[in-house]
Amino acid sequence: MNRKEDMNIVIVGHVDHGKSTLMGRLLADTDSLPEGKLEQVKETCRRNSKPFEYAFLLDALKDEQSQGITIDTARCFFKTEKRDYIILDAPGHIEFLKNMITGASRAEAALLMIDAKEGVQENSRRHAYMLSMLGIHQIAVVINKMDLVDYDEAVYEKVKKEYLEFLAKINITPKFVLPVSSFMGENIVKKSDKMPWYDGMCVLEVLDCFECEEDSENQPFRMPVQDVYKFTQNGDDRRIVAGTIETGTVQPGQEVIFYPSGKRSHIKNIEVFNAEPVKVGKPNMAIGFTMVEQIYITRGELMCLAGEPAPKTSSRIAANIFWLGRKALTPGKMYHLKIGSAKVRVELESVKGVIDSSNLSSTEEKTAVGRNEVAECIFRTDKAIAFDTVKDIAGTSRFVIVDNYEIAGGGIITAALEDEEHEIREGAMLRNYRWEVGDVSLEERMEHYAQKPNLLILTGPEGTGKKKLAKMLERELMYCGRYVYYMGISSYLYGIGADTKKASVQDHTEQIRRFGEVANLLMDAGMILIVTATGLTQSDYKIMKTVVEQELEVIWVGNEMTTDISADMQLADKDYEKSIYRIKDMLKKIGAIFEA
């Protein structure tokens, strides 16, 4: 027996244009509801003297029913003879556009709902634009509430013409346009006799006519690393790399590469939790792997198969973004970018063009992106990320931007741009590929020393006492039983870096790169390394971060920040004991020092 196809469908549209009602109707009219659910909701409405609505079958939250709007993305599971569906009802209210993006991000096709009486609204246009940006081009326009306009063909044609003209401007050609009445059940699961002038398909037939995208199993293997779990009880010494497979398939014995680090290993076993063992990992599986060669990787890496097309890695990207933040997206401010399981700091480098999504007016003169605007932008992250472009693999091209702990925007990566660390990163990846691993793993060193390797960089202007602070910190950590070492920059410059003391940019870059390699070796030994350097810049930090595999913290010592480096802490107080206490507290909070 052949397994039926799976498909994710999202239903979007302006608030109160009938999305939840359509879903409720589909479930009710195909007997897909749990037994007695329909009668239960109708009885609840009767007792509360409230008119029954099919949307109440989905809108389970009390405040949603009282306000009559869908706040989060509801999911329902629905089957036809052809395939199994997950249908997502995305919020229509302007305040919940970010929730709509979340709901639509994994959809293969969409139903765009338009109220025949109200016509095309501002959010009708915005939602279409977001679907386009998310790479969803299989769209059916459903003109709903035809019962409110007496099933008038002229009204239908007017709304259809207006919306198709708008969609054409954003390069969307709907596969279907159909008139329905969700509440009355007209043209939902069977043809309606109320609209004899319409000879097309009903909603149920339209769904089955959507084409599944290229089978995700046939795409290159991609799995964002969610975490690495280490077991110790009952002699269990497994290290399990865990995540959810985005695309492709994988099985024991295959060689995998983790990006952006470039580290390689072979899969030993596939691990699943509370389920039957599997021999092949497939898309959408939450899964784990043990490795033959023990390598140190962390959350945020993208696991891929050797021999398949590699993802892009860069700290500069070109992207299309839809901005939802209350404050404009502006250059010079640091945000967080989340893609897959990776989270990095990001800054807007430049705006190539801005479009108002409600009327498609555009300008190339803006330097910031306002709320509900769409823009082509270039972003710069504080370290390299691994990703695909939207034309290659849509799922691993999608990202969100977080501002003050809130999702403020979402978008897709259209191109990888060359950054200044490109050659250094290629060298670090080759180093990782050729790395000779000893019999003592980094995890064993961490357990032995009760700490995680960390590079503490104390930087700032001259004369701020950073060397004295660094040496006092080294002594304090050593007395606390930590494996720690202080290395002044001159110790490096007059030793391994003696040939790079010239003033050229190339020599300075090589100084920082080589210093990073020395730090990386010491940290691989499990050490907390403390270094001091005067006036390091963000460019210096990015070079070092490209080379160093472990954690890196920047502490600015001094009253005034005189370079563009993004510091994790600023110490302006000459009270060294107080400063040491703050640094130790930071190390505990980030997990660099294990507490008993």
### Message
Let's go through Lys327 and Asp403 carefully: what are the C-alpha distance in whole Å and the side-chain angles of both, what is the deciding distance for salt bridge (charged side-chain N to carboxylate O under 4.0 Å, His left out) to 0.1 Å, and is it a yes or a no?
### Response
CA-CA 9 Å; Lys327 295 181 180 179; Asp403 183 19; over 6 Å; no
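- Partner of Asp419 under the side-chain hydrogen bond (donor to acceptor under 3.5 Å, both in side chains) criterion, chosen from Arg425, Arg316, Lys542: Arg425.
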### Query
For Glu551 and Ile590, what are the C-alpha separation, side-chain angles and deciding distance, and is it a side-chain contact (heavy atoms from CB on, under 4.5 Å)?
CA-CA 9 Å; Glu551 296 298 321; Ile590 64 175; 5.6 Å; no
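- Screening Glu420, Glu347, Glu349 against Arg380 for a salt bridge (charged side-chain N to carboxylate O under 4.0 Å, His left out) leaves a single residue, Glu349.
- Of the candidates Gln219, Lys312, Arg222, Arg222 is the only one forming a side-chain hydrogen bond (donor to acceptor under 3.5 Å, both in side chains) with Asp388.
- Summarising the local packing, OH of Tyr296 is surrounded by more than 12 heavy atoms from other residues, nucleotides or ligands at distances under 6.0 Å.
- A salt bridge is absent between Glu293 and Arg264: the closest approach of a Lys/Arg side-chain nitrogen to an acidic carboxylate oxygen does not fall below 4.0 angstrom.
- Put simply, the side chain of Cys377 does not reach to within 4.5 Å of the side chain of Lys352, judged on heavy atoms.
- With Thr537 contributing its side chain and Thr563 its backbone, the two residues share no donor-acceptor pair below 3.5 Å.
- The line from CD of Gln451 to CE of Met527 is 9.0 Å long, rounded to the nearest 0.5 Å.
- A salt bridge is defined here as a Lys NZ or Arg NE, NH1 or NH2 lying under 4.0 Å from an Asp or Glu carboxylate O, and Arg513 with Glu510 meets this definition.
- With sequence neighbours excluded, the residues that form a salt bridge (Lys or Arg N to Asp or Glu O under 4.0 Å) with Glu549 are Lys263, Arg431.
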